[in-house]
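Next up is a structure, given as structure tokens.
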Amino acid sequence: VASPKCGLSIILFDEIEKAAPSMNRLLLGVLDRGSLRLGDNASVNFEKTIIFMTSNLGAREMMREITPDFGFQAAGATATREEMKEKLQNIGLAAVRRRFSPEFVNRIDHVVTYEPLTAKSFAAITDHEIDRLQNHVDARMGHRAFVIDAPWSTRQWLMEKGTSSEYGARELKRTIHRHLTQPLASLVAKRQVAAGGRVRIDVSPAGDSLCLRAIGFGEPPMPAAPTVLLVDDNAELLRFMAHATTECRWDPLPARNVTEARKQFAKRETHAAILDIGVSEGAGLLLAAELRDVWPDARIVLTCDVEPSNEVLEICDDHDFELVKKPFLTSELLDFLRDRVIAVRSDI
């Protein structure tokens, strides 16, 4: 890839380990001297060229490291993110050194080892693919275009069907095409969608398919992002958490007391919550139990200013409440919740 507006050129060799040995020998001179001598004695200058080479070397060993079948890790011992990153880097470099000669490896400036996709990444990819489908509808249908109303439960269903820890999001595009694009095309062909209208996509009661229906103009759209209830009597902290939640593509439901919180989760499905135990004179723990009764699948994190008592710890353990002591990083807390709210199956 080259552009007249930039002096740099980019060359990509995808899956370089599948190239013939002659290609690797050819690249030795390019990576060393920045030039290539052709058969007619002409010279090609590579001095202003960035060369990328991708490879799947070590992928199987990395997968066994991430999801071990036996040993201490399979029994429950887990490595930290930094430890796992270092292990994957070492596995990748070892595989590269086994496949390529030392003089070839020494001419590579930097090796980047890709980490497995997280739940946050899967959610972002799913949103991106649905946005692409919406843009395609707008571009192809013009004034007859319609809005795709895909709520959070539908997007989670697509993630469960189209992603896995082993293959990543490779199947997601085909899953969206099979369960979303083709049924939408069928509705358009049958003229069942009005121009400027909306098509609601919901998960079937059995949970094995998607149901598409054209809806009227008066029905409000469903939220396309998971909702998180934020309860804290500190107005500044509450405003900051709401902003950080929006930046992470969550839908915040802020409340400064128990009464406001009850109104919020009574009218909106709540996927997660960050509750201050001390809100409304210590009613946060009771509020968490009420929220769990209304939305049993909600993931709840309780925050506290002081060391919790043994009674509080026992209640949190019995109800599967996470407990975090202030101060905390909101972004890390939201990532922690996202990994638990988004359930991506690994057996697909």
Side-chain angles (χ1 to χ4, degrees), residues 75-78 80-81 118-120 122-123 151-153 155-157 159-160 203 207 223 225-235 237-238 240-242 244-246 248-346:
T78 57
T80 64
R81 187 176 183 88
T118 62
K120 180 179 179 180
F122 285 131
W152 166 244
S153 57
R155 296 169 188 253
Q156 189 176 32
W157 188 90
M159 279 187 283
E160 292 176 354
V203 181
T227 56
V228 54
L229 178 67
L230 306 172
V231 184
D232 201 297
D233 52 11
N234 187 327
L237 178 59
L238 189 64
F240 176 79
M241 287 197 298
T245 303
T246 305
C248 292
R249 297 180 67 90
W250 285 60
D251 190 7
L253 303 175
R256 293 190 60 181
N257 52 57
V258 170
T259 303
E260 292 180 7
R262 286 171 178 157
K263 292 179 181 179
Q264 291 282 21
F265 68 74
K267 63 182 179 181
R268 292 281 300 277
E269 180 181 4
T270 305
H271 301 97
I274 303 176
L275 312 178
D276 182 14
I277 289 182
V279 71
S280 298
E281 299 182 356
L285 202 57
L286 177 61
L287 178 65
E290 293 179 8
L291 174 61
R292 179 60 59 80
D293 290 338
V294 177
W295 303 109
D297 295 331
R299 302 298 304 185
I300 300 176
V301 174
L302 297 173
T303 64
C304 58
D305 296 305
V306 297
E307 196 68 31
S309 64
N310 292 333
E311 182 182 359
V312 171
L313 292 176
E314 290 178 2
I315 295 176
C316 291
D317 187 59
D318 292 339
H319 292 79
D320 194 24
F321 296 153
E322 303 288 347
L323 194 59
V324 176
K325 192 174 179 181
K326 294 181 180 180
F328 55 84
L329 293 177
T330 305
S331 57
E332 292 185 0
L333 196 55
L334 287 172
D335 288 340
F336 170 82
L337 275 176
R338 186 187 293 273
D339 290 339
R340 283 152 179 78
V341 171
I342 303 174
V344 180
R345 300 187 309 187
S346 60

Taking all atoms of both residues into account, what is the closest heavy-atom pair of Ala261 and Ala255, and its distance?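 Looking at all heavy atoms of both residues, the closest pair is N-CB, 3.5 Å.
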Working for side-chain contact (heavy atoms from CB on, under 4.5 Å), residues Leu334 and Ile274: CA-CA 9 Å; Leu334 287 172; Ile274 303 176; 4.3 Å; yes
Can you list everything that forms a side-chain hydrogen bond (donor to acceptor under 3.5 Å, both in side chains) with Ser280? Sequence neighbours excluded, please. none
First locate atom CD1 of Ile315, then atom CG of Leu285, and finally report the distance between them rounded to the nearest 0.5 Å. 4.5 Å
Which residues pass the side chain to side chain contact (heavy atoms under 4.5 Å, CB included) test with Ala242, not counting sequence neighbours? Leu230, Pro252
Between Arg292 and Asp320, is there a salt bridge with N-O shorter than 4.0 Å? no
Please report the interatomic distance CE(Met241) to CG(Asn234), rounded to the nearest 0.5 Å.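 Atom-to-atom, Met241:CE and Asn234:CG are 8.5 Å apart.
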Please name the pair of heavy atoms, one in Leu253 and one in Leu229, separated by the smallest distance, quoted to 0.1 Å.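 Taking Leu253 first and Leu229 second, the nearest heavy atoms are O-CD1, 3.2 Å.
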Please name all residues satisfying side chain to side chain contact (heavy atoms under 4.5 Å, CB included) with Ser153, sequence neighbours left out, ordered by chain then number.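 Counting only residues at least two positions away or on another chain, Ser153 forms a side chain to side chain contact (heavy atoms under 4.5 Å, CB included) with Pro151.
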Look only at the side chain of Trp295 and the backbone of His271, and say whether a donor-acceptor pair between them is shorter than 3.5 Å.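 It does not hold such a pair.
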Test side-chain hydrogen bond (donor to acceptor under 3.5 Å, both in side chains) applied to Asp297 - qualifying residues, sequence neighbours left out: none
Tell me whether Lys263 at atom NZ has more than 12 heavy atoms from other residues, nucleotides or ligands lying less than 6.0 Å away.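 No, not enclosed.
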Report the distance from atom CD1 of Ile300 to atom CG of Leu323, rounding to the nearest 0.5 Å.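 One finds 12.5 Å between CD1 of Ile300 and CG of Leu323.
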Are any of the side-chain heavy atoms of Lys326 and Asp276 separated by less than 4.5 Å?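 They are in side-chain contact.
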Nearest-0.5 Å distance that lies between atom CE in Met159 and atom CH2 in Trp152: 3.5 Å
Keeping the roles fixed (side chain from Thr245, backbone from Trp250), state whether a donor-acceptor pair exists under 3.5 Å.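 No, Thr245 side chain to Trp250 backbone: no donor-acceptor pair under 3.5 Å.
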d(Gln264 CD, Leu291 CG) to nearest 0.5 Å is 11.5 Å
Just to verify, what does Asp317 make a side chain to side chain contact (heavy atoms under 4.5 Å, CB included) with, not counting sequence neighbours? none
Is the side chain of Glu260 donor-acceptor paired with the backbone N or O of Pro254 at a distance under 3.5 Å, no angle test? no
Within a radius of less than 6.0 Å around CZ of Phe328, do more than 12 heavy atoms belonging to other residues, nucleotides or ligands occur?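 Correct, the count exceeds 12.
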Check: residues 301-314 side-chain donor-acceptor pairs under 3.5 Å, at least two apart:
| from | atom 1 | to | atom 2 | distance (Å) |
| --- | --- | --- | --- | --- |
| Thr303 | OG1 | Leu275 | O | 3.4 |
| Glu307 | OE1 | Lys325 | NZ | 3.2 |
| Ser309 | OG | Val312 | N | 3.4 |

How long is the gap from CG on Asp232 to CZ on Phe240, to the nearest 0.5 Å? 12.5 Å
